[in-house]
Amino acid sequence: MTSFSDLNLDPKVLKAIEAAGYTTPTPIQAGAIPPALEGRDVLGIAQTGTGKTASFTLPMITLLGKGRARARMPRSLVLAPTRELAAQVAENFDTYAKGSRLKKALLIGGVSFKEQDMLIDRGVDVLIATPGRLIDHFERGKLLLTGVEIMVVDEADRMLDMGFIPDIERIFEMTPFTRQTLFFSATMAPEIERITNKFLSNPEKIEVERQNTTSQTITQILVEHTPKRRDMAAKDKREILRAIIERDGDDCRNAIIFCNRKTEVDVVAKSLKKHGYNAEPIHGDLEQSQRTRTLDGFRDGSIRFLVASDVAARGLDIPNVSHVFNFDVPSHAEDYVHRIGRTGRAGKLGTAYTLSTPSDAKYLDAIQSLVKTELPRGENPWTPPGVSKREEAAAEEEAPKRTSSRTRSRSKKVDAPAAETPQPEVKEADTRTKARNEARREQKPDTRNEPRTEARNQPRQQEDRSGASSSRSRGGRGRGGDRDNGPRVVGLGDHVPGFIEMSFEERRGNS
DNA sequence: AAAAAAC
């Protein structure tokens, strides 16, 4: 078995790897590092979580160790699709280039040009960028890419999804054709294939087994719900979300809650906050400073719930995420895989809930055929207020033979035992129903009103969280404390070093 | 149908 010390890496890099607690490279690292060190092009087919980032940062640091950067002429370039991923790559360089004199700059949008300009002017060895901001700098004449010796394209398939491929081609053409290219993609779509044929020369191809989406470390649970009306789905799902959080108690240490739309992200985050939960939103319409702050806060545990758009679905390496919620069923099946992959990392256990309504059926089918399993159905812990289980069942039976009259169906509901018709729905014309309701309320005031109010208020109180956790037996899954004693794994992909568990602030403080 | 990324 290879170890890092067999890989011809710079002794200083080896020392940094050792300090981070690693001895054995992951398959992608073992496959990509040797050819990269020989100066060959590399085509890596691998997803995040396989140790991909280190498979290019480690050889880059080693190769760039000799030589010095000239002003405005970076010696290497790493392109990433999102700002957060670019920042993550930059952190990786910080970790492993500690002993070296390499200078780096992070060029991402949403922050001022000033600092970035200064760094470029002074000369950098490593430039890490999102395509838009890089091209912007280039067009301002602040940047020359003719000195690029190594170019890395990370998450190419996502770049394709985001329409970045023309930009990537443009950037390729601004660099010298003698450069070394390291190219990473989770899939080889035809368009990706075309690009690699055009810009890579005789690459060493390393394919790492597709990450097991039904990984044993992730428990997937589907929670189905049929809203009374279609427009109530979102509101109902917010209730269900809170009910699950309460039910799972301490097991749900933290969670990423994915929504399909940015507006929904805002609504869900606001709603959780209103109910006393520690939650923050993250999506592309928010200020970059806030995005960074929120992600740091989630990483260091000061934020318990990260409500996110798909900006956070891929590649982000946040260890110790206990739960992922698909508040919305993702409409691209691939995204499901990426989203739930934010938990169950580094051999630890994770739970991924997906909330679905009948209108999601089509997307759900696509997901299930992609992951080649039927998602196990879990219990929906939330009951709509005023609707007993019994009545729910009755209503379902009733549904097929329902006749036209709304009034009739409503009065039926009222007749059912323990029913509570929502007051706003009772029209003045319906005086008989109203009177009946009032009479019933007088007869049994506590059994109807009290529990309902309490149930609604319960999650509001912070104390209730610990209260709920005492009864968190979790349907016999019996995992309790074994989250931290999961299967033993080695290498930079699965094993997570201590520093990753720290916030960026803390890491800076350490260096 | 929407998200991401440049000003």
Side-chain angles (χ1 to χ4, degrees), chain A residues 48 77-90 105-117 120 127-143 145 153-171 174 185-186 189 191 230-231 233-234 256-269 281-292 294-295 306-316 326-339 342 356-357 359-367:
Chain A
T48 46
L77 175 61
V78 181
L79 293 171
T82 68
R83 299 169 184 174
E84 279 75 12
L85 284 176
Q88 203 166 274
V89 171
L106 177 63
L107 303 191
I108 59 172
V111 294
S112 92
F113 281 92
K114 219 167 149 192
E115 265 183 70
Q116 298 178 358
D117 280 342
I120 296 169
L127 200 59
I128 304 136
T130 45
R133 183 51 76 98
L134 181 84
I135 288 174
D136 206 338
H137 275 283
F138 184 80
E139 284 174 348
R140 287 160 185 244
K142 296 280 183 190
L143 194 58
L145 294 180
V153 179
D154 197 9
E155 303 264 323
D157 55 326
R158 181 148 194 223
M159 303 252 198
L160 175 67
D161 287 348
M162 291 166 66
F164 281 163
I165 293 300
D167 288 343
I168 299 300
E169 285 197 68
R170 225 185 119 191
I171 295 165
M174 299 179 329
S185 182
E191 185 69 358
R230 219 175 220 223
D231 62 342
I256 306 180
I257 299 156
F258 285 105
C259 306
N260 288 356
R261 290 175 199 76
K262 289 180 277 198
T263 50
E264 193 71 25
V265 168
D266 288 331
V267 170
V268 171
I282 189 165
H283 60 68
D285 279 357
L286 297 171
E287 289 277 331
Q288 186 56 38
S289 58
Q290 192 189 337
R291 284 166 62 168
T292 308
T294 299
L295 202 56
L306 183 69
V307 189
S309 71
D310 280 320
V311 70
R314 298 201 198 190
L316 287 192
N326 285 308
F327 185 85
D328 295 311
V329 176
S331 46
H332 282 313
E334 284 282 327
D335 288 336
Y336 175 82
V337 177
H338 291 296
R339 287 180 179 184
R342 297 314 98 206
S356 87
T357 63
S359 57
D360 299 317
K362 202 175 72 187
Y363 299 134
L364 197 58
D365 285 348
I367 290 166

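Chain A is the first sequence line, chain B the second, and so forth, proteins listed ahead of strands; every chain is numbered from 1.
Residue-level contact check: A/Phe113 touches the backbone only, with heavy atoms under 4.0 Å from sugar-phosphate atoms and none from bases. The residue A/Asp310 sits apart from the nucleic acid: no heavy atom pair falls under 4.0 Å. Contacts of A/Ser331 with the nucleic acid, taken as non-hydrogen atoms under 4.0 Å apart, include base atoms. When heavy atoms are screened at a 4.0 angstrom cut-off, A/Gly110 is found touching the sugar-phosphate backbone but no base atom. Among the heavy atoms of the strands lying under 4.0 Å from A/His283 are primed sugar atoms or P, OP1, OP2 only; no base atom is included.
For the pair A/Glu264 CD and B/dA1 P, the interatomic distance rounds to 16 Å; values are reported in whole Å. Put simply, CD1 on A/Ile135 is 10 Å from C1' on B/dA5, counting in whole angstrom units. A/Leu286 places its CG atom 15 Å from the C1' atom of B/dA5, with the value rounded to the nearest Å. Rounded to a whole Å, the CG atom of A/Asp335 is 16 Å from the P atom of B/dA1. Here B/dA3 presents its P atom at 17 Å from CG of A/Leu316, a figure rounded to the nearest Å. Distance CG (A/Asn326) to P (B/dA2): 18 Å, rounded to an integer number of Å. The CD1 atom of A/Ile282 sits 10 Å away from the P atom of B/dA4 (whole-angstrom rounding). In this entry the distance linking CD1 of A/Ile108 with C1' of B/dA6 reads 12 Å, nearest Å.
Set against B/dA4, B/dA2, B/dA6, the side chain of A/Arg261 has B/dA2 as its closest nucleotide. Among the nucleotides B/dA2, B/dA6, B/dA4, the one closest to the side chain of A/Val311 is B/dA4. Considering only side-chain atoms of A/Arg291, the nucleotide from B/dA5, B/dA3, B/dA1 that sits closest is B/dA5.
Phosphate proximity of B/dA3 to A/Arg158: absent, as no side-chain N or O sits under 4.0 Å from OP1 or OP2. Close to B/dA5, at under 4.0 Å from its OP1 or OP2, lies no side-chain N or O of A/Thr82. Listed pair A/Ser309 / B/dA4 meets the phosphate criterion, a side-chain N or O lying under 4.0 Å from OP1 or OP2.
Around the CD atom of A/Glu191, the shell of radius 6.0 Å holds more than 12 heavy atoms that belong to other residues, nucleotides or ligands.
A salt bridge does not link A/Asp310 to A/Arg261: none of the charged nitrogens lies less than 4.0 Å from a carboxylate oxygen. Taking a cutoff of 4.0 Å between a charged side-chain nitrogen and a carboxylate oxygen, A/Glu139 and A/Arg170 qualify as a salt bridge. Salt bridge absent: A/Arg314 and A/Glu155 never bring a charged side-chain N and a carboxylate O closer than 4.0 Å. No salt bridge links A/Asp136 with A/Lys142; every basic N to acidic carboxylate O contact stays at or beyond 4.0 Å.
No donor-acceptor contact under 3.5 Å links the side chain of A/His137 to the base of B/dA6.
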